[in-house]
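Computed from a predicted structure; not experimentally measured.
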Amino acid sequence: MTVNAPFRSMATIARNSLKIGMIPADGIGREVLPGAKAAIQALGSSIPTTEFIDLQAGFECFQRTGTALPDETVEVLQNECDCALFGAVSSPSRKVSGYSSPIVALRKKMDLYANIRPVSSVAPTPNEQPSVDLVVVRENTECLYIKEETQTVGEKGTETRATRLITEYASRRIGEMAFKIALTRPRKHVTIIHKSNVLSVTDGLFRETVRGVPALPGMNGKYDGVTVAEQLVDSAVYRLFREPHIYDVMVAPNLYGDILSDAAAALVGSLGLVPSINAGDSFVMGEPVHGSAPDIAGQDIANPLAAIRSAALMLRQLGYGDGAARIESAVDDVIREGRYLTPDLGGKSSTSDVVAEVVKRI
C-alpha cells in the first residue's frame with residue numbers, strides 16, 4: 001500500500017496482546033468487518049495474540065437505544081483497546097432530532113485528528129508502478145464538521161448558516177502529519193489543497209500554517225527534501241481526473257479531504273477498494289472509505305477489500321509492517337488475478353468468497 005512506514009510513536013510500544021475494538025455500526029459494515037478480522041487472524045503468531053471486542057455505535061444503535069455513540073463504547077476504546085476498526089454508518093440526509101454522526105463524534109472524543117486515505121491502483125505485475133498512487137491527508141476535527149448550524153426566518157424567508165472552524169493548532173498538526181507521511185514515500189511531495197482565493201481567512205490560515213511546518217522550531221531541516229505545491233480545490237478535482245500522477249500527498253481541510261478521496265476512488269475502480277485510518281498520537285482506528293450501502297446490505301455482495309486494507313493500514317501504524325504487507329500483497333493479488341471480485345468491480349463473487357480467497361493467500 002502507499003503508506004509504507006509507521007509515523008507515530010505508538011509503533012514503538014511493545015505488546016504481548018493486541019486488543020481491537022470492533023464497531024461494525026450500520027449496513028454493510030456488519031458484512032465487511034468480519035473480513036478484516038479474518039485477515040488479521042490469518043497472520044497468526046506474526047503479530048501479538050489478538051482479542052476482538054465487539055462495540056456498539058451507529059444510526060441503528062440510535063434507533064434502538066436513543067444514542068448513536070454509547071458512552072460505554074468510548075470508555076472501552078479509551079481504557080481497554082489498543083486500536084479499533086469501524087465499519088460504516090448510515091447518517092440520514094434529513095435532520096433527525098437527537099442524532100449526530102457517531103464516527104464524527106468518535107474522531108473528536110479519541111482525538112483522531114488525521115484521516116489518512118491512500119488511493120492506489122494495482123499494477124499489472126508486482127514489479128510495475130501503479131498508475132495512481134497518492135495519499136489524501138484530511139484534517140479530521142474541524143471545518144464544517146463541527147456541526148454548528150442555525151436556522152432563522154428573515155426578510156427572504158428561512159435562512160440557514162453553518163460555522164466553519166479552522167485553527168492554527170489543527171492545521172499545524174495535520175500539516176506535520178502530511179510532511180511525515182511524505183518522508184516515507186519515494187517522491188516526497190506535498191500538495192496543499194485550499195480555496196483561499198475566496199475563503200481568504202479560514203483557508204488562508206490553513207494554507208499558511210501548513211506551508212510553515214518545515215520552518216517550525218526544532219525541525220532543523222527535517223523536511224528540506226520535501227517539495228511543496230498548492231492547488232485550489234476545484235482545480236485539484238479537475239487535475240485529479242486528468243493528471244492523477246502529479247499528486248503524491250494531498251493535505252486538506254476536513255470537507256475538501258472527504259470529497260477528494262471519494263472522487264479519487266473512481267480512479268481505482270470502486271469505493272470498495274479504498275481504505276483509511278483515523279490516527280491520533282496514541283490511538284488508531286481503521287475505517288473503509290465507503291458508506292453503509294443500504295441498497296446492497298444483507299446480500300453478501302459488498303466489497304470487503306477496503307475494510308481488509310484498512311486493517312492492514314492500522315497494523316502498519318502500530319508497527320506491524322510485515323503483517324500489513326502480507327495482507328496488502330494478498331489483496332493486490334486477488335485484484336490482479338480478477339477471479340474473485342464483487343459486483344462493484346464487475347465480478348460475480350460474494351463477500352464471503354472474496355474474504356476466503358484473501359485469507360488463503362495470506
Side-chain angles (χ1 to χ4, degrees), residues 1 3 5-25 29 33 36-37 39-40 47-58 68-89 101-118 135-142 145-146 169-170 172-178 180-181 184 254 257-258 275-289 306-321 323-324 327:
M1 211 54 196
V3 178
F7 37 84
R8 301 303 299 186
S9 57
M10 71 182 80
T12 65
I13 298 172
R15 300 177 181 86
N16 295 320
S17 64
L18 193 60
K19 293 185 177 181
I20 305 173
M22 301 292 284
I23 313 169
L33 225 54
K37 177 180 178 179
I40 293 171
I47 60 173
T49 302
T50 52
E51 178 183 348
F52 296 90
I53 302 174
D54 294 328
L55 298 169
Q56 297 296 313
L69 182 61
D71 290 340
E72 180 185 2
T73 294
V74 178
E75 290 168 4
V76 171
L77 289 175
Q78 290 175 333
N79 300 319
E80 299 181 30
C81 295
D82 298 297
C83 54
L85 288 168
F86 190 96
V89 65
S101 169
I103 186 62
V104 173
L106 258 181
R107 290 165 179 163
K108 293 178 181 177
K109 288 180 180 293
M110 301 296 293
D111 197 26
L112 304 176
Y113 61 85
N115 187 218
I116 301 161
R117 296 181 166 188
V135 182
V136 178
V137 182
R138 168 192 173 195
E139 203 288 316
N140 227 7
T141 65
E142 295 188 339
Y145 287 66
I146 61 171
Y169 173 73
R172 183 173 61 248
R173 286 204 301 182
I174 201 65
E176 287 189 63
M177 181 69 82
K180 286 175 181 177
I181 292 172
T184 73
N254 207 336
D258 196 2
S276 81
I277 52 172
N278 299 280
D281 292 338
S282 59
F283 199 84
V284 58
M285 178 170 66
E287 178 198 2
V289 169
I308 294 172
R309 281 175 157 176
S310 296
L313 281 176
M314 179 190 73
L315 290 175
R316 190 180 298 281
Q317 176 80 339
L318 294 168
Y320 306 113
I327 293 175

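The distance from the CD atom of E51 to the CE atom of M22 is 12.5 Å, given to the nearest 0.5 Å. One distance of note links CZ of F52 with CD1 of I20; it measures 4.0 Å at 0.5 Å rounding. Separation of atoms CG (L106) and CG (D111) is listed at 12.5 Å; rounding is to 0.5 Å. Of the inter-residue distances, the one linking T49 atom OG1 with N16 atom CG reads 8.5 Å to the nearest 0.5 angstrom. A distance of 11.0 Å separates CZ of F86 from CG of L55, quoted to the nearest 0.5 Å. In this structure, I327 CD1 and R316 CZ are separated by 9.5 Å, a value rounded to the nearest 0.5 Å.
Each of I174, L313, I181 was compared with I116 under the side chain to side chain contact (heavy atoms under 4.5 Å, CB included) criterion, and only I181 meets it. With N254 as the partner, the side-chain hydrogen bond (donor to acceptor under 3.5 Å, both in side chains) test is satisfied by one option alone out of E142, E139, R138: R138.
No more than 12 heavy atoms of other residues, nucleotides or ligands shown are found within 6.0 angstrom of CD on E72. Counting non-hydrogen atoms of neighbouring residues, nucleotides and ligands closer than 6.0 angstrom, the CG atom of D71 reaches no more than 12 such neighbours.
In terms of heavy atoms, A57 sits closest to P102 at CB-CB, 4.2 Å. Of all heavy-atom pairs spanning I103 and M285, the tightest one is CD1-CE, 3.5 Å. A279 and Q317 get closest at one heavy-atom pair: CB-NE2, 3.5 Å. A pairwise comparison of heavy atoms in P275 and V289 identifies O-CG2, 3.6 Å as the closest pair.
Using a 4.5 Å cut-off on side-chain heavy atoms (C-beta onward), C81 and F283 make contact. Contact check for K108 versus V104: side-chain heavy atoms found under the 4.5 Å cut-off. Inter-residue side-chain proximity for I23 and L77 is flagged as met; some heavy-atom pair is nearer than 4.5 Å.
With sequence neighbours excluded, the residues forming a side-chain hydrogen bond (donor to acceptor under 3.5 Å, both in side chains) with N278 are R107, N115, N140, E287, listed by chain and number.
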Requested in this report: Determine, step by step, whether V137 and R117 satisfy the side-chain contact (heavy atoms from CB on, under 4.5 Å) criterion, reporting the C-alpha distance in whole Å, the side-chain angles of both residues, the deciding distance to 0.1 Å, and the verdict.
Outcome: CA-CA 6 Å; V137 182; R117 296 181 166 188; over 6 Å; no
**Report entry** L318/L18 under side-chain contact (heavy atoms from CB on, under 4.5 Å): CA gap, chis, key distance, verdict
**Finding:** CA-CA 10 Å; L318 294 168; L18 193 60; 4.0 Å; yes
Query - Verdict with supporting geometry, L112 and T141, side-chain contact (heavy atoms from CB on, under 4.5 Å) - result: CA-CA 8 Å; L112 304 176; T141 65; over 6 Å; no
Requested in this report: Evaluate the criterion side-chain contact (heavy atoms from CB on, under 4.5 Å) for residue pair L315 and I40; output intermediate values, then yes/no.
Outcome: CA-CA 9 Å; L315 290 175; I40 293 171; 4.2 Å; yes
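Although no hydrogens or angles enter the test, the distance criterion places no donor-acceptor pair under 3.5 Å between the side chain of S276 and the main chain of P288.
Remark: K37 does not engage D54 in a salt bridge, criterion side-chain N to carboxylate O under 4.0 Å.
With no hydrogens or angles considered, no side-chain donor-acceptor pair links E75 and T73 at under 3.5 Å. A donor-acceptor contact closer than 3.5 angstrom links the side chains of R173 and Y169.
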